[in-house]
Colleague: 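Mind having a look at this structure? Questions to follow.
Read the numbers this way: they start at 1 and go in the same order the structure lists the ligands and their atoms. By convention here, the first residue in the shown sequence is residue 1.
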Amino acid sequence: MTAGYEAVIGLEIHVELSTESKMFCGCRVEFGGEPNTRTCPVCAAHPGALPVINEKAIDYLARIALSLDCDIPPGSIFHRKNYFYPDLPKGYQISQYDQPFAIEGHLDISVDEEDIRVGIERVHMEEDTAKNIHAGASGRIAGALYSLIDFNRSGTPLVEIVTKPEIHSPQSARVFLNKLKNLLKYLEVSDCNMEEGSLRCDANVSVRPAGSSELGVKTELKNMNSFKHLEKGLAREIERQTGLLAAGERVVQQTVHFDFATGEVTPMRSKEFAHDYRYFPEPDLAPLVANQEFVDRIAASMPELPDARAGRYRRDFGLTPYNAEVMTSDRKLSDFFEECVRHFNDPKLVSNWLMGELLGYLNATGGELADCLVKPASLAELLGMIESGKISNAVGKEVFAEMCQSGKKAAAIVEAKGLTQISDTAELEAIIDAVLAENPEQVAQYRAGRDKLFGFFVGMVMKKTRGRANPQVINTLLKEKLS
Ligand code: ADP
Ligand code: MG
Ligand code: ZN
């Protein structure tokens with residue numbers, strides 16, 4: 001960020017709910033498939049067809065609102081947002097306007113060890129549009145020969161989450177979106193698959209003189225559909241706006257397009273305003289009543305949320321804030337962690353193994369925890385073998401990798417491969433004698449004062465024993481022999 005300026009960012013996030021059926025009809029919700037196979041008169045916009053609210057979608061909506069600590073007013077209503085586009089044959093989208101379902105929440109993030117609270121302006125319910133498919137080499141509208149419309153997506157329940165303009169760097173925007181994504185997945189209300197468009201993000205950004213409390217003129221970056229896009233697009237646009245302001249020019253309020261390949265930001269269209277949409281209350285739907293009983297019922301059925309869980313891990317288990325956050329970034333991981341700790345009561349060690357070995361393995365193989373062949377009890381068993389000295393830590397990691405691949409138990413692998421740790425003094429003494437005899441030069445140098453060579457000898461013993469030697473015993477024996 002150029003000195004003397006501050007960036008202001010607000011995000012609008014759309015999330016497709018993973019309900020069985022659509023928002024206002026009984027058609028199935030599913031990504032892709034043969035085009036136009038999941039449609040009916042309601043979601044294909046036949047005249048006279050009437051919408052019926054999906055109760056499950058409102059349940060999910062309430063979970064999202066409560067997880068963001070929002071207020072849920074006793075009632076909200078649906079509006080028609082009027083505009084023309086081929087993927088919207090009704091000529092309007094059913095959405096919410098001046099009486100949204102939930103308001104005034106927040107989500108806390110941590111960026112470079114600084115805790116930041118980002119306000120949530122509103123959370124409201126709407127429906128997704130159909131999908132235009134542009135036929136032509138590039139798949140983009142420019143240069144397309146013709147366009148087709150697939151109504152399978154039309155009417156998918158869509159929740160919009162709007163933040164306050166309280167994010168001040170592209171990095172914070174990325175961290176926020178990632179945390180929100182993890183939270184929504186944790187709630188099991190959406191698969192949040194960004195490639196398939198289940199989670200989409202528009203970024204609003206302006207720049208102002210540092211220290212000013214007034215908002216500058218903003219532009220909007222539409223469809224920042226990956227974390228990289230979001231961060232890079234914002235950085236580029238902040239640079240552009242700062243350049244304009246520094247040169248005494250003005251920023252024009254508009255939608256801009258960010259081309260990831262070239263890094264270019266180009267104006268797309270002038271910004272539309274709320275009054276352009278001629279919002280009016282949807283006459284075919286009754287107001288949505290969210291009475292206390294409903295809110296209490298949803299609240300009572302919510303799982304312990306990630307932040308609360310992370311707080312508990314810091315307090316009760318003594319985890320670092322970072323470990324606690326990683327352990328709660330995914331509900332299944334969190335459950336795995338707790339179950340493992342029930343079998344092997346060393347939470348810090350367990351979390352380090354999960355972060356280093358388990359997540360490392362899943363990252364490398366692109367696998368999911370749910371499909372992982374290692375279960376909490378078998379990891380606990382492995383850790384027990386390391387603790388009791390049966391195998392060394394280094395061998396333990398090797399055994400773990402094998403457990404992931406074959407699903408075999410640690411004890412069986414150790415047995416079959418003869419990986420038991422060697423702690424027997426006589427056996428290790430013989431190996432150490434051999435190492436010292438094979439490296440007379442190093443021995444002489446060590447005795448002449450090159451202390452650093454100690455590690456070399458340890459390494460050679462480990463090599464000879466394929467990592468099975470007990471490090472403590474080697475240390476003691478080596479010191480004796482070399483003195
Ligand atoms: P619009 O009516 O243009 O969609 P809203 O007031 O509804 O604008 O805000 C949309 C998003 O833009 C919100 O996330 C909000 O925080 C953000 N926003 C509003 N004004 C600014 C600004 N001046 N700079 C950056 N972000 C802003
Ligand atoms: Mg907007
Ligand atoms: Zn339908």
Colleague: Report, in ascending order of atom number, the atoms of ligand 1 lying under 4.0 Å from any heavy atom of T163.
Modeller: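 The list of qualifying atoms is 13 (C), 14 (O), 15 (C), 16 (O).
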Colleague: Which atom pair, heavy atoms only, marks the closest approach of D202 to K222?
Modeller: OD1-CA, 3.5 Å
Colleague: Please state the angle at the Zn ion (ligand 3) spanned by SG of C27 and SG of C40: what is it, rounded to 10 degrees?
Modeller: 100°
Colleague: Relative to the heavy atoms of L11, which atoms of ligand 1 are at a distance of less than 4.0 Å?
Modeller: 14 (O)
Colleague: Kindly indicate, with the supporting measurements, whether the criterion side-chain contact (heavy atoms from CB on, under 4.5 Å) is fulfilled by T163 and I9.
Modeller: CA-CA 9 Å; T163 78; I9 299 164; over 6 Å; no
Colleague: Mind checking whether F400 and Y361 have ring centres under 6.0 Å apart?
Modeller: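 That pair fails the under 6.0 Å test.
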Colleague: Is there a nitrogen or oxygen of S206 sitting under 3.5 Å from a nitrogen or oxygen of ligand 1?
Modeller: yes
Colleague: Indicate the atoms forming the closest heavy-atom contact of R331 with R309, along with that distance.
Modeller: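 That closest heavy-atom pairing would be O-NH1, 4.0 Å.
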Colleague: For ligand 1, which atoms sit closer than 4.0 Å to a heavy atom of G10?
Modeller: 14 (O), 16 (O), 17 (C), 26 (N)
Colleague: Any atoms of ligand 1 less than 4.0 Å from a non-hydrogen atom of P165? List them with their elements.
Modeller: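 Selected atoms, number and element: 16 (O), 26 (N), 27 (C).
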Colleague: With a cut-off of under 6.0 Å to the ring centre and 45° to the axis, is R174 in cation-pi contact with F227?
Modeller: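 Not satisfied by the 6.0 Å and 45° rule.
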Colleague: Have a look at E121, Q241, K218 and point out the one with the heavy atom closest to atom 9 (O) of ligand 1.
Modeller: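 The nearest heavy atom belongs to K218.
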Colleague: Can you check ring pair (Phe, Tyr, Trp, His ring centres under 6.0 Å) on Y277 and Y97, steps first, answer last?
Modeller: CA-CA 11 Å; Y277 290 116; Y97 177 48; 9.1 Å; no
Colleague: Taking only heavy atoms of K164, which atoms of ligand 1 are found under 4.0 Å from at least one of them?
Modeller: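 Numbered from 1, ligand 1 contributes 16 (O).
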Colleague: In terms of atom number and element, which parts of ligand 1 are under 4.0 angstrom from non-hydrogen atoms of V162?
Modeller: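 This gives 13 (C), 14 (O) as the contact atoms.
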Colleague: Less than 4.0 angstrom from a charged side-chain N to a carboxylate O is my criterion; do R80 and D284 meet it?
Modeller: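 Salt bridge between R80 and D284, a charged N being under 4.0 Å from a carboxylate O: yes.
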